[in-house]
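Worksheet: one structure, shown below.
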Amino acid sequence: MMRWPMFRDAAFVFAKDARIELRAKVTLRQVAPFVVSLLVLFGLAFDRLLVKDTAIADVRVDELPLAFVGPGIYWLGVLFSLVLLVQRSVSIETEDGAGTQLRLWGLDPAGVFLGKAGVVVMQLLFIQVLLCVGLIAMFDLQMTEPLLLVSVSVLATVGLAAVGSCYGALSAGLRVRETLLPVLLLPVTVPVLLAAVQAWQRALTGDVDSAWPWARILFVFVVVYVAFGILSYGALMEES
Amino acid sequence: MSAPARVHLDGVVALLGTFPALSGFSLTVPTPEVVILRGPNGAGKSTVLNVCSGLVPVQRGTVQILGSNIRVDRRSVRKHLGFLGHRTGLYDDLSVEQNVQLAARASQANIALVGPTLSRVGCDGRLAKLGVAHLSAGQRRRVALASLMVRRVPLWLLDEPHAALDTDGRDLLDEVIREAAVDGTTVLMATHDLDRADRLADRVVTIVGGRVVANDAVAHVS
Amino acid sequence: MKSQMSWFLGVASVLLLGVVTVLTFSTPSPDFVQGEAARLIYVHPATAWASYAAFGTTTFAAVMWLWPRTRRIGWDHIAGASAHIGTMFLAMTLVLGAIWGRPTWGVWFRLRDARMASTLVMLLMYFGVLTLRQLPAAPDVRARRTALAALLASVNVPIVHFSVQWWDTLHQKATLAKPEKPTIEGLPLTIMLLSFVAFTVTFCWLMVHRTRIERWNDQLFNGDVESAIVARQREGAGSLAASGLTPGGLR
């Protein structure tokens, strides 16, 4: 299974997609502003929960709800960004039949999967840095237990990129791709979302011991989705 | 033991949705030659090329490309064929040079060939650094041709390759096809440009209703 | 053979469901708080079980179709049929659970409950599988899409089962998976087990019929294709006749 052509082709596809992203800057110019807008909208929608030291009818609202709402906002932002980034990853290949040429070059499908998912991981990590900065700056969220937060983020990101790339390939050739992809993808990401939110909530409220099991669950998801992508991407690619 | 046929299709039925684009298509190309596929619109010419490259699945019949069953060994067969279709398969966000380099790297071809190939098709110099999105349709077609040439594969599948090219471009394409044929490349070309095709072809296959109705060798007067 | 089987299964299903219904309403109301809604305990877990059986069948059939040595279109018919039936049973599970939950917990549906949330997510995922299946495509393309989407969705199935252990939430802990001391016993336990059997037989009966429909749809498609092939061949026959060539086209 761990064969050289797979890694060579993964590096090739990763370099291709990364070069395209560096030229087009879609993550920076489109997804990042979208995520910032999302933070603002969430901030407005949940204002009483997110503002510290607010008195509501003489009852003080402290920062505890922020530790619960903050991770939810963060990971929803990641999920919505995932949909946009997977759409973008797919549209790179559907313009002018580029994806067809990619298939016709006879590349190892598992390598193509790893390469494309790898670029989505990089893009999602960039978006998450932006989300962290936004949550800290706008809502003064205290990022306690950074090692745990980062570990969970990396695991969840890899799992999301893997399953997103699988569904992206499945929907690539469909005319209704733009509306169908979110319908297919978002429900499947719920286990990863739940585990990541639970882990972050526990980390931010100081309940570290009960947070690590969620990271282990995420690890299982990553293994399952990455293995599925490696084994089935060949069949998924031929769908488009 | 004789070498396997370059292309062997036998009784192929291929569907596009519910429409049988090929309804029992049979063709054998035993040796490297330039084979022209001609016929009216909707005859199935493009589908033949798509079947040979494994892009369209086959419901019935056999498809052997370079001695291998395309249904079983699709990936390994594809490494040895090049396809120039209606769409150019180029990445808009990359430059001309980067697109051709991609094709070379994907096939583990010699990267040093990229420069001379771009010169050959007239896309060198300033044009090589330009993003593909800024090119005209004819220029894109030349870049796609360069991507095919640089891979040095033994089978070319060309679907109306003269489209969008000016007269110079068409002459260039004809020269490139002749050179490839001399090098032992098998060329299957679907075209409506019959004057040019007849000058290039070793064989002309006429397709109507998804089947071969005529298969004629062409005698070239030197 | 097949209509005998479906007749037998149909009769057995109706009889068993009838017996379960009669027994359910003949026992005294099991709970003061839940009232008559408590009788749904005899049905709700069984519909959940039927949906798990259906989706397990979908996953197995998907794997069998994807494996080249066992690839037969019949496996796709089974995968498609079981996905439809499983989605129906899962929707029933959620509705019955909501009707039961209202007097019991004061809420129709509580997204914060892990099992309810996971079950709803599973329903959404299989809706996605069915949506993909409805898109117009040749049978083998449709089969591949269904198989891949179903496998991706099936990862969530164990999460639904283990969610009660993973999250300490509102939902009742597993009632029957504790052999040392089940929380229900006697006649209610018998009725519940009979209900499991009844819904299993009903699932099998529905599978026979739904698989038959899937097969007929493909036969219609193939019939259309055969006519289309003949019509297509006639397009070239005129040219062929005029040229005096054989269908291979060689002189």
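The chains referred to below are lettered A, B, ... by the order of the sequence lines, with proteins before strands, and numbering in each begins at 1. None of these values were measured; they are calculated from a predicted model.
Within 6.0 Å of atom CZ in A:F219, 12 or fewer heavy atoms from other residues, nucleotides or ligands are found, so the atom counts as exposed in its surroundings.
Between B:R141 and B:D166 there is no salt bridge, since none of the side-chain N atoms of the basic residue sits less than 4.0 Å from a carboxylate O of the acidic one.
Smallest separation of non-hydrogen atoms from B:M189 and B:P161: SD-CG, 3.4 Å.
With a 4.5 angstrom heavy-atom cutoff, B:Q101 does not touch chain A via any of its atoms. For B:A144, no part lies under 4.5 angstrom from a heavy atom of chain A.
Contact tally against chain A (heavy-atom pairs below 4.5 Å) for B:G82, B:G131, B:G89: the top residue is B:G89. With chain A as the partner, the residue from B:V153, B:N99, B:L102, B:L90 showing the most heavy-atom pairs under 4.5 Å is B:L102. Between chain A and the residues B:H86, B:R78, B:R140, the most heavy-atom pairs under 4.5 angstrom are made by B:R78. Chosen from A:Q101, A:E93, A:R23, the residue pairing most often with chain B at heavy-atom distances under 4.5 Å is A:R23.
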The test is salt bridge (charged side-chain N to carboxylate O under 4.0 Å, His left out); show your working for A:K25 and B:D93 and say whether it passes. CA-CA 10 Å; A:K25 299 184 179 57; B:D93 292 305; over 6 Å; no

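The aromatic rings of A:Y233 and A:F113 are tilted relative to each other, their planes meeting at an angle between 30° and 60°.
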